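Single-structure report; data block below.
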Amino acid sequence: MTYGRTMDAASPWIATAIALVLLAAIATVGLSIFHIPQPRAVLLALARAILQLGALSLVLTGIIRDPLWVGVGLGVMFVAAVGTAARRARAGASALLGLAASMIIGPLVVMSIVFATGAIEFSPRYVLAIGGIVIGNTMTIAILTQRVYSASVRDHWDEVEGWLALGATPRQSTLDLGRRAIHTALLPSVDQTRTTGIVVLPGAFVGAIFAGASPLEAGRFQVVVLASILAAGVLTATALTRMTGRVVQRGL
């Protein structure tokens, strides 16, 4: 009987391992077949996710009710997000401060509004949940904004030089390019919001239902999350282009 119960408990984990191996193999082989750079990137990312989620699951048991440790957890998330954004956006040391400042503006403003209005209960577990979601999405938007903005300036260097020749400041000469970069960076979040409930079943919504919330309550929570992501993204992307609204030298 004990052996049978042990096998029953292990079955979901075995099935999960098999599914993960097959899915990772599909992604890795697909990238290799089409000669996409870094074909093992998906496999490495998945391996990191497994380790990090395993560690997070253990850590959350101890910190989810402790405001101090929740703050520490969010701080670690933010530092990791800035580091990832700086690496992916190829931001140099001079741009790192502006990147970090822009990435903290959005989440701080959004979380202040969400909890001050009472839209979401102000408790350690909700602060951690909303903060983690918003910081993660802000990181993605910051990466896209910086990469698109830098590439646009390089691709439209003649246009930028023309504005400079007419007496425009570096920030003025790249203003329109910055606006386009913000628009492009926000497209995934805007499309996800537009298709929520039709094409996409968001994780926060599904998670709330699995946790026992009613569909209406889960929907209310998800709408607040989506609005938070959009607002934080707009603030971060706008601040980022303003802070780095300078001429990007050709070749950088």
Side-chain angles (χ1 to χ4, degrees), residues 44-146 185 189 202-208 210-213 217-218 220-240 243:
L44 294 175
L46 183 59
R48 284 190 58 172
I50 292 171
L51 293 174
Q52 290 166 184
L53 284 173
L56 180 63
S57 299
L58 295 174
V59 170
L60 284 182
T61 304
I63 75 169
I64 199 167
R65 294 182 179 86
D66 190 323
L68 176 61
W69 284 109
V70 166
V72 172
L74 287 175
V76 171
M77 290 181 191
F78 177 75
V79 171
V82 172
T84 301
R87 186 172 64 256
R88 288 296 186 186
R90 300 188 181 95
S94 60
L96 183 60
L97 183 59
L99 180 64
S102 65
M103 285 180 63
I104 202 171
I105 289 172
L108 277 181
V109 172
V110 163
M111 291 176 68
S112 297
I113 292 173
V114 167
F115 293 117
T117 59
I120 300 294
E121 176 190 342
F122 183 61
S123 64
R125 61 172 181 163
Y126 284 119
V127 171
L128 184 64
I130 297 293
I133 292 171
V134 173
I135 289 172
N137 282 273
T138 297
M139 176 190 71
T140 302
I141 292 171
I143 292 171
L144 289 173
T145 301
Q146 186 71 16
S189 298
F205 175 80
V206 175
F210 283 172
E217 185 64 19
R220 183 184 70 83
F221 180 77
Q222 182 61 58
V223 169
V224 174
V225 169
L226 291 172
S228 299
I229 291 171
L230 290 175
V234 170
L235 290 172
T236 293
T238 303
L240 183 57
M243 291 179 184

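Values in this document were obtained by computation on a predicted structure and should not be read as measured data.
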Residue of the set V82, I104, L235, T236 for which side chain to side chain contact (heavy atoms under 4.5 Å, CB included) holds with T138
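Exactly one candidate clears the test, T236.
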Using the rule side chain to side chain contact (heavy atoms under 4.5 Å, CB included), only one of T140, I229, L144 pairs with S189; which is it?
I229
Report the distance from atom [atom1] of [X] to atom [atom2] of [Y], rounding to the nearest 0.5 Å.
X    : Y    : atom1 : atom2 : answer
M243 : L97  : CE    : CG    : 8.0 Å
I113 : L108 : CD1   : CG    : 11.0 Å
T117 : F122 : OG1   : CZ    : 12.0 Å
I133 : M111 : CD1   : CE    : 10.5 Å

Minimum heavy-atom separation for [X] and [Y], please, with both atom names.
X    : Y    : answer
A85  : I143 : CA-CG1, 3.5 Å
Y126 : F115 : O-CZ, 3.7 Å
V114 : S228 : CG2-OG, 3.4 Å
A237 : T145 : CB-OG1, 3.5 Å
A232 : P107 : CB-N, 4.1 Å
A142 : L240 : O-CD2, 3.5 Å

W69 versus L128: any side-chain heavy-atom pair under 4.5 Å?
no
Heavy-atom distance under 4.5 Å between the side chains of M139 and I135, does that happen here?
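Side-chain contact under 4.5 Å: no.
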Distance-only donor-acceptor hits, side chain of residues 47-55, under 3.5 Å, sequence neighbours excluded:
unit_1, atom_1, unit_2, atom_2, d
R48, NE, Q52, OE1, 3.2
R48, NH2, Q52, OE1, 3.1

